Amino acid sequence: KDADLEKVETEELAEKSEKIDKSEEPVKEASQKSQSLESPFLPDSVSAKTALFAVFKEELADLWFWLQGALKEPTTSIDTDKKHSYNAFALLTIFSTTSFLFTVYHAKHSYYGRMASIDANFVEQFPSLNLFSVFSILVATSLFFFSILMGGFVVKRFVDQDSDWTLERAFQEYGRLFALPILLTGVASFFAFFNGLRFAALLCLISIGMILLGNLYIISRPSKDSSTDPFYRLLLAVLVNGSVLFLFFLAEMALVSDYLRILAFM
């Protein structure tokens with residue numbers, strides 16, 4: 001009898017365990033399905049793109065706010081200059097490069113195209129526009145604007161003996177002065193893209209003139225501790241700054257002299 005009771009109890013326990021296992025199976029399947037639906041790839045990728053777009057939008061709005069402040073007060077330094085001074089240098093370089101590149105492209109394919117119909121060997125005298133041309137113009141343009149910064153840095157650091165004037169400060173000071181040339185070269189690149197070459201060239205010349213005027217403003221301001229006569233100090237500053245600009249100018253002409261020949265008769 002005891003053996004029969006034990007068999008009955010084991011059978012009842014086995015039936016209960018089977019029922020429990022069967023009842024747990026749909027729960028496990030449901031949990032597995034919910035985990036598969038909660039895959040980390042889809043939501044994370046969407047949220048990452050949304051967050052990246054939000055950050056980009058915020059940075060763009062912040063840059064526009066800084067640009068407006070720099071246009072109103074180009075000689076006033078604020079805390080956000082450290083963040084946007086490099087952006088100003090990059091934008092000015094990109095807009096100037098695109099303006100120059102589009103101007104060269106349209107000049108070569110319009111005016112020189114007509115001349116080539118008269119003389120077949122005429123176009124062979126000028127360089128072709130390719131990826132290397134884009135890189136050369138980009139490097140030459142960046143060297144030009146960097147030479148402005150470097151010239152002001154050398155004058156302030158070695159002529160005025162101002163130890164507080166670092167290269168980072170030069171980027172900040174010149175960055176605000178570059179605000180209006182950024183807008184001018186941006187408009188110039190737009191007109192150069194649509195073959196408005198003369199107006200684009202005029203805007204670029206005005207922006208270069210304003211950049212050189214801003215450079216003169218920076219190097220002409222004597223430091224508080226300067227004991228040199230203002231006239232001789234300005235003369236020395238112009239000579240030192242001119243020497244730095246001339247050295248960079250030689251490197252720039254080595255890169256873009258052939259492309260400037262295309263614009264000679266524009």
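These numbers were taken from a predicted model, which means no experiment stands behind them.
- Note on ring orientation: taking the six-membered ring where Trp is involved, the planes of Phe193 and Phe102 are perpendicular (angle over 60°, cut-offs 30° and 60°).
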Checklist entry - What's the verdict on side chain to side chain contact (heavy atoms under 4.5 Å, CB included) for Asn241 and Val154, showing C-alpha distance, side-chain angles and the deciding distance? => result CA-CA 7 Å; Asn241 186 260; Val154 171; over 6 Å; no

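- Cluster note: Leu247 groups with no other residue, as no ILVMFWY side-chain heavy atom lies under 4.5 Å from it.
- Asn87 is linked by a side chain to side chain donor-acceptor pair (under 3.5 Å) to His84, counting only residues two or more places apart in sequence or in another chain.
- You'll find the side chain of Leu91 stays beyond 4.5 Å of the side chain of Leu67, heavy atoms only.
- The side-chain heavy atoms of Asp162 and Arg169, taken from C-beta on, include a pair separated by under 4.5 Å.
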Side chain to side chain contact (heavy atoms under 4.5 Å, CB included) between Val104 and Phe100, intermediate numbers included: CA-CA 6 Å; Val104 171; Phe100 186 82; 3.8 Å; yes

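- Remark: side-chain polar atoms of Glu73 are not paired, donor with acceptor, to backbone N or O of Ala70 under 3.5 angstrom.
- Taking every heavy atom of both residues into account, Phe153 and Ala170 meet most closely at CB-CB, 4.4 Å.
- In this structure, the separation between CZ on Phe246 and CD on Glu252 is 11.5 Å, given to the nearest 0.5 Å.
- Residues Ser189 and Gly186 approach most closely at OG-O, 2.7 Å, considering heavy atoms.
- Tyr259 is listed as a side-chain neighbour of Ser133, based on a closest heavy-atom distance under 4.5 Å.
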Go through Thr141 and Ile137 one step at a time and tell me if the side chain to side chain contact (heavy atoms under 4.5 Å, CB included) criterion holds.
CA-CA 6 Å; Thr141 307; Ile137 294 173; 4.0 Å; yes

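- When the salt bridge (Lys or Arg N to Asp or Glu O under 4.0 Å) test is applied to Glu59, the partners found at least two apart in sequence or on another chain are Lys83.
- Atoms CD and CG, from Glu58 and Leu60 in turn, are 11.0 Å apart once rounded to the nearest 0.5 Å.
- Checked options Leu212, Thr185, Ile182, Leu183; the residue passing with Ser207 is Thr185 (criterion: side-chain contact (heavy atoms from CB on, under 4.5 Å)).
- Nearest heavy-atom pair across Thr103 and Ala192 is OG1-CB, 3.8 Å.
- The closest side-chain heavy-atom distance from Val155 to Arg233 is below 4.5 Å.
- Using a 4.5 Å cut-off between side-chain heavy atoms of Ile, Leu, Val, Met, Phe, Trp and Tyr, with links allowed through other members, Phe158 and Val244 fall into the same hydrophobic cluster.
- There is a path of hydrophobic side-chain contacts, each under 4.5 Å, that joins Phe146 to Tyr86.
- In plain terms, the two heavy atoms of Ala188 and Ala200 that are nearest each other are O-CB, 3.4 Å.
- Hydrophobic clustering (side-chain heavy atoms under 4.5 Å, transitive across Ile, Leu, Val, Met, Phe, Trp, Tyr) groups Leu101 together with Phe194.
- With hydrophobic clusters built from ILVMFWY side chains whose heavy atoms lie under 4.5 angstrom apart, Leu177 does not share a cluster with Leu213.
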task: Check step by step if side chain to side chain contact (heavy atoms under 4.5 Å, CB included) holds for Val256 and Phe144.
output: CA-CA 12 Å; Val256 297; Phe144 171 74; over 6 Å; no

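- Using a cut-off of 4.0 Å between Lys/Arg side-chain N and Asp/Glu carboxylate O, Asp164 and Lys156 are scored as not salt-bridged.
- A 4.5 Å side-chain heavy-atom check between Tyr174 and Leu92 finds every atom pair outside the cut-off.
- Note that CG of Leu167 and CZ of Arg157 are 9.5 Å apart. Values are rounded to the nearest 0.5 Å.
- Rounded to the nearest 0.5 angstrom, Tyr217 OH and Glu173 CD are separated by 8.0 Å.
- Here the closest heavy-atom approach between residue Pro181 and residue Ile211 is recorded as CG-CG1, 3.7 Å.
- Checked against the 6.0 Å centroid criterion, the rings of Phe89 and Phe178 do not qualify as a close aromatic pair.
- For the atom pair CG of Leu184 and OG of Ser96, the computed distance is 10.0 Å after rounding to the nearest 0.5 Å.
- For the atom pair Leu236 CG and Asp160 CG, the distance stands at 9.0 Å (nearest 0.5 Å).
- Smallest separation of non-hydrogen atoms from Ala107 and Leu197: N-CD1, 3.8 Å.
- Listed for the Arg176 side chain is no donor-acceptor partner under 3.5 Å among the backbone atoms of Trp66.
- Grouping the Ile, Leu, Val, Met, Phe, Trp and Tyr side chains by contacts below 4.5 angstrom, directly or via other members, places Leu245 apart from Leu250.
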